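Take a look at the structure set out below.
The shown structure was predicted, so the numbers you read here are calculated from the model rather than taken from an experiment. To find a chain, count down the sequence lines: A is the first, B the second, and so on, and within it residues start at 1.
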Amino acid sequence: MSLIKVQDVKKIYNGGEGEVTALGGVSFTVNEGEFVALMGPSGSGKSTLLTMLGAMNPPTSGNVIVDDIEIYNLTSEKRADFRIEYLGFVFQQFQLIPYLTAAENIMLPLAITGKSNREQVQMAQNVLNKVGLGEKGNRLPNQLSGGEQERVAIARAIVNEPPILFADEPTGALDSKNSEEIMNLFKHLNKEGQTIIMVTHNPEFLSYVDRGIFIKDGMLDESRHSKKIAV
Amino acid sequence: MKLHNIALNNIRRRKAKMAFLVVGMIIGIATIVTLYTITGAMQTEIADKFDQIGANMTIVPQSDSLSMSYEGVNVSDVGGTPNFITMNDVAKISTIKNKENIATVAPKLLDTLKIDNKERLVLGIQFKEELKMKRWWKIQGNKPASSGDVLLGYQAAKGLNKKAGEKLQVKGKTYTVAGIIEETGNQEDSVIFMDLNELQTITGKSDAVSFVEVSALCSTCPIEEITMQISQKLPGTKVSAIKEAVQARKDFVDRFAQLGIYVSVIVLAVGSLVVLITMMSSVSERTREIGIFRAIGFRKGHIISVILMESGIVSIIGGITGYVIGMAAAVTAGPVIAQMDVSIPWDAKIGLAAMLIAVAMGLAASALPAWKASRQDPVEALRYL
């Protein structure tokens, strides 16, 4: 069943040097429970596409439909509500809040949901256990290794149990060992039913995903789309 | 985790920046508290001192016939059918309900006496009370010390050709010219001042008073109220407030209060600017962080709440500390700055007001940074593009 429908999405920026087409009409769907990699070279438009799927960046034309909701028909504030309910984000470079502990960072999306402190602490501990950091909830980000910070970022993205998890170059700042561990963690989450869309330029990670969507110069590169490759 | 936890954690983490903000707030609030309390205390003190200089009320016997005036006060029946206030009446002035507001009561007997073959205006006064009231008098010679002394107005001395220390014959009695009042340009210049009792005795008008000048402290009680109370105690008299004196005092005290307000407004504006700049800089430093909040799903209102909470917490700390420091400075340095013995009590209401002003200032100055923060585009904030 299609969870995300992207219909002829275009994004054109008006810059000092005239119009720049970041996306020139992209269409695809993502099914519930799929693990999809958005791939392409730098500047191809994959991060732009991710922010559009993430209800943060309205397209110039076209539709993005998630769970039958045309997200850009919503007001900016309703899209914020939509994000907290439907989406989890793992940003580039972890993007943890430096003055909050790992557990507090994880509880951030819960801070505006009206859940009690006790509930929040329990939910944060559950995801900390899930990402293998059960004992490190009280540490500040600068007291954690890069791999551990990435795990905290993933835990923060899934603590609200969102239907969709977005990850933008989640292993970009990690060494190969940590990258492999993180990809295994994503694979594990996907096996539990989590829909994941991940931006990466590393072709090795195609082995972890169900499908690779390639973008080049703002257009889908249909010739390189890949089906599931066994790990 | 609630929004206030985010605000508190940010304050804890950015100690230096927040300390700068708190110090700015403390300086602003402490200055306002110090100024306000010192000027407040000085206003009362100055008003009271001002009230003691010169009379702001006159009491004359009620009469249809008016034949003489002194310093703008119409005095009835001088030398004619007596229509006087008695010394007993004078004593009653100090028994009114607001007796603590009565600073000086100066009874006077006005008469004309033949001195040196010429009718001259003589005013019987209580020297001590009169000198307390007429602080602008500059006396050449000495202040009168006994009932055997007289004071001469400038023109009177000239007319009598007398100098300080010389003798003056009045109704067969010899008096010493203790001093001569320097020219004032008023009617005082042509008057011979002598002891009230003495004049009453030699004129045979024992116990008689032509009029009374009163200086009342009006900072805590309106002069109309005191006038009414005296009128009730002395039914046969006409009690009038000297409007010019009251207005002059009011104008002076109002100007003084205005100065305090102007300085406070300037300090408040500078304090607000410090908060505004610091919060703007803080928001600018946190662009990416605010972008994360927005990307996660925080509404604009949540972002505004976090920024305003931070500012509010800092303002409360700054307000309370500023009040304590401001009051301590006012209590210790107030008398030195004011150059007078002012009493500055610790007042919880001022503390509450200081805190409210600090919070209002903090929130007002943070409103723009908070609004700007809430409008940040998460995509741009995260520098995706």
Side-chain angles (χ1 to χ4, degrees), chain A residues 11 13 15 20 22 46-48 50-52 54-58 76-89 91-101 103-117 120-121 123-124 140 153 156-157 159-160 162 166 168 199, chain B residues 1-19 21 279 281-311 313-314 370-385:
Chain A
K11 185 72 184 181
Y13 294 106
V20 176
K46 55 187 188 300
S47 286
T48 299
L50 194 72
T51 59
M52 292 173 114
M56 288 186 270
N57 193 6
S76 157
E77 293 299 82
K78 288 283 178 195
R79 285 209 302 277
D81 296 344
F82 172 83
R83 286 197 290 275
I84 202 87
E85 193 180 338
Y86 274 85
L87 313 177
F89 285 94
F91 305 103
Q92 280 185 33
Q93 306 289 328
F94 327 129
Q95 303 297 357
L96 300 178
I97 306 298
Y99 53 83
L100 298 179
T101 63
E104 287 169 340
N105 262 287
I106 292 166
M107 284 188 275
L108 262 185
L110 306 174
I112 51 173
T113 56
K115 287 190 165 63
S116 70
N117 276 337
Q120 290 185 33
V121 169
M123 289 171 83
L140 287 168
R156 182 176 67 189
V159 69
N160 235 5
F166 291 117
D168 191 2
V199 165
Chain B
M1 169 72 68
K2 302 284 178 196
L3 292 180
H4 66 261
N5 296 112
I6 298 172
L8 279 169
N9 277 312
N10 183 48
I11 290 170
R12 275 192 216 116
R13 190 219 172 200
R14 294 165 189 263
K15 287 191 184 80
K17 183 143 267 179
M18 291 303 161
L21 203 58
M279 291 307 282
S281 137
S282 173
V283 165
S284 173
E285 278 173 18
R286 295 162 69 189
T287 299
R288 185 166 279 245
E289 179 186 316
I290 291 162
I292 294 166
F293 290 150
R294 289 285 285 144
I296 283 173
F298 279 49
R299 282 177 157 230
K300 288 173 184 169
H302 295 131
I303 304 291
I304 290 173
S305 297
V306 170
I307 306 270
L308 292 186
M309 272 182 209
E310 285 175 20
S311 174
I313 293 164
V314 168
W371 180 77
K372 284 192 83 166
S374 76
R375 292 185 61 82
Q376 270 183 19
D377 181 349
V379 176
E380 280 191 28
L382 292 166
R383 294 185 191 154
Y384 269 118
L385 305 175

Practice item. Provide the closest heavy-atom pair for B:Pro378 versus A:Met56 in the form atom of the first, atom of the second, distance. Key: CB-SD, 3.8 Å

Point to revise | Beyond-backbone contact of A:Phe91 with B:Arg288, side-chain heavy atoms, under 4.5 angstrom | key: no

Point to revise | B:Arg13, CZ atom: more than 12 neighbouring heavy atoms under 6.0 Å | key: yes

Check your understanding: Who wins among A:Lys78, A:Arg156, A:Glu77, A:Met107 for the most heavy-atom pairs under 4.5 Å with chain B?
Key -> A:Glu77

Check your understanding: Does some side-chain heavy atom of A:Thr101 sit less than 4.5 Å from a side-chain heavy atom of B:Asn9?
Key -> no

Check your understanding: If you round to the nearest 0.5 Å, how far is CG of A:Leu100 from CZ of B:Arg12?
Key -> 10.0 Å

Review point. Of the backbone (N, CA, C, O) and the side chain (C-beta and beyond), which part of A:Gln120 lies under 4.5 Å from a heavy atom of chain B, both, or neither?
Key: side chain

Practice item. Please list, in residue-number order, every residue in residues 292-305 of chain B that has a heavy atom less than 4.5 Å from any heavy atom of chain A; write 'none' if there are none. Key: B:Ile292, B:Phe293, B:Arg294, B:Ala295, B:Ile296, B:Gly297, B:Phe298, B:Arg299, B:Lys300, B:Gly301, B:His302

Practice item. Output the option from A:Leu96, A:Ile97, A:Asn117, A:Asn160 having the highest count of non-hydrogen pairs under 4.5 Å with chain B. Key: A:Ile97

Review point. How about B:Lys372: does its NZ atom have over 12 heavy atoms from other parts shown lying under 6.0 Å from it?
Key: no

